[in-house]
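A quick write-up on the structure given underneath.
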There are 2 protein chains.
Amino acid sequence: MIGMTEATYFILVALMEEPLHGYGIIKRARTQSLGEVDLAVGTLYSALDRLSEAGWVRLDREETVNGRPRRYYRITDDGARAVRAQAARLQRAAALVLRPSGVTSA
Amino acid sequence: MIGMTEATYFILVALMEEPLHGYGIIKRARTQSLGEVDLAVGTLYSALDRLSEAGWVRLDREETVNGRPRRYYRITDDGARAVRAQAARLQRAAALVLRPSGVTSA
DNA sequence: CGACTATATATCGACCGTCGAAGTATGGAA
DNA sequence: TTCCATACTTCGACGGTCGATATATAGTCG
């Protein structure tokens, strides 16, 4: 299986418009998926670590609000490329069912 | 995260045209995904067990070839419904990147 | 005023699904 | 005769998701 997980995909998609902090990513993913994707915090932060290591996301800036850190993440060019490639794969996968073309029963 | 895994999706898609046996599913998934999806045998058979239990797939018939069983699986109505719903989800997910509509930067 | 919810991050163990390998078996090609 | 394709079973390792727990503040509702 090539392709990234659904969680990874929605995290990257959430970051495409602008840099967001962790909780903001969770909310944006929820909205963009029409409520279908509800990222667990554990999933988010471990995914963010993996994505940072992979160079698909990087720390944009760090603010301090109420004495607590708020880390904003930004998608990188590599990340943007990866998410576009994944979107194309998803489209092709969906098309197999929604626009069947190679019908065998000639 | 709602949605099924990619492996599950491609197994169900492979079965949409006609019943297939395990190895046939692997080959069909490979072809339909243009070589991108290469199901591991371990993945396939455990997924088939799960899908049978869920009622999305059922044993169609069992042949004996060269003294070895060859089990053909058939997708059920529930399975077909599930795969159509998943295809719609994949399409929507892909559209977020390929046809962005809710652009914030007015 | 007290309970609850939303905002916000960190961490950890449990669990689920995927992967790859080993085992078993046959037929055909090199 | 060695190797590859076909074909199913099982099992351990690994990767990623989930939910809980901890911590902290501000706002809402009764």
Side-chain angles (χ1 to χ4, degrees), chain A residues 1-15 19-31 33 35-54 56-57 59-73 82 86 89 93, chain B residues 1-15 19-31 33 35-54 56-57 59-73 82 86 89 93:
Chain A
M1 205 61 67
I2 295 183
M4 60 186 80
T5 63
E6 245 181 79
T8 301
Y9 180 74
F10 276 97
I11 289 169
L12 291 176
V13 171
L15 291 174
L20 291 171
H21 60 272
Y23 207 71
I25 294 172
I26 292 176
K27 285 189 292 179
R28 173 103 67 189
R30 189 153 43 206
T31 314
S33 68
E36 274 180 0
V37 173
D38 193 7
L39 295 167
V41 285
T43 304
L44 178 78
Y45 292 110
S46 66
L48 241 23
D49 287 346
R50 251 179 295 122
L51 290 170
S52 297
E53 240 181 293
W56 287 1
V57 145
L59 192 62
D60 183 63
R61 65 187 188 279
E62 202 164 339
E63 292 174 2
T64 304
V65 180
N66 296 322
R68 298 174 55 69
R70 188 175 294 184
R71 268 182 274 282
Y72 284 79
Y73 292 88
Q86 178 67 5
R89 270 194 290 270
Chain B
M1 205 63 65
I2 295 181
M4 60 186 79
T5 63
E6 246 181 73
T8 301
Y9 180 73
F10 276 97
I11 289 168
L12 291 176
V13 171
L15 291 174
L20 291 172
H21 60 272
Y23 208 70
I25 295 171
I26 292 176
K27 285 190 292 179
R28 173 101 69 190
R30 190 153 42 206
T31 314
S33 68
E36 274 181 1
V37 173
D38 193 7
L39 295 167
V41 285
T43 304
L44 178 79
Y45 292 108
S46 67
L48 241 21
D49 287 346
R50 252 180 293 122
L51 289 170
S52 297
E53 239 181 293
W56 287 1
V57 145
L59 193 61
D60 183 63
R61 64 187 190 279
E62 201 165 341
E63 293 175 3
T64 304
V65 180
N66 297 323
R68 296 175 56 70
R70 189 175 295 181
R71 268 182 274 281
Y72 284 80
Y73 292 89
Q86 179 67 6
R89 270 194 291 268

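The sequence lines fix the lettering, A, B, ..., with proteins before strands; numbering per chain opens at 1.
When all heavy atoms of A/Y45 and A/Y23 are compared, the closest pair comes out as OH-N, 4.2 Å. The two residues A/T8 and A/L51 make their nearest non-hydrogen contact at CG2-CD2, 3.7 Å. Here the closest heavy-atom approach between residue A/R61 and residue A/P19 is recorded as NH1-CB, 4.3 Å.
Of the candidates C/dT18, C/dA22, C/dT9, the closest approach to any side-chain atom of A/R70 belongs to C/dT9. Listed candidates were C/dT11, C/dT18, D/dT10. Nearest to the side chain of B/T8 is C/dT18. Side-chain proximity of B/Y23 to D/dA5, C/dA8, C/dT18: nearest is D/dA5. The listed nucleotides are D/dT17, C/dA8, D/dA20; the one nearest the side chain of A/H21 is C/dA8. Comparing D/dT10, C/dT18, D/dT17 by their closest approach to the side chain of B/A7 singles out C/dT18. The side chain of B/R50 sits closest to C/dG17 out of C/dT9, C/dG17, D/dC8. For B/S46, taking side-chain heavy atoms from C-beta onward, the closest of the listed nucleotides D/dA7, D/dG16, C/dT18 is C/dT18.
Within the structure, every side-chain polar atom (N or O) of A/T5 is placed at least 4.0 Å from both OP1 and OP2 of D/dG16. Residue B/K27 has no polar side-chain atom (N or O) positioned under 4.0 Å from OP1 or OP2 of D/dA5.
When the shell of 6.0 Å around CD of B/E62 is examined, it contains more than 12 heavy atoms from other residues, nucleotides or ligands.
Distance B/I26 CD1 to D/dA5 C1': 12 Å, rounded to the nearest Å. The CG-C1' distance, from A/L48 to D/dG15, rounds to 17 Å in whole Å. D/dC18 atom P lies 7 Å from atom CG of A/L39, rounded to whole Å. The CG-P distance, from B/L20 to D/dT6, rounds to 14 Å in whole Å. Atom CD of B/E6 is separated from atom P of C/dC19 by 9 Å (rounded to the nearest Å). Between A/I25 atom CD1 and C/dT7 atom P the separation is 15 Å, expressed in whole Å. Between the CZ atom of A/F10 and the C1' atom of D/dC18 there is a distance of 18 Å, given to the nearest Å. When rounded to the nearest whole Å, the span between CG of A/L51 and P of D/dT17 equals 9 Å.
Across all strands, A/G22 comes closer than 4.0 Å only to sugar-phosphate atoms, never to a base (heavy-atom distances).
Of the possible polar contacts, one joining the A/S33 side chain to the A/A29 backbone as a donor-acceptor pair under 3.5 Å is found.
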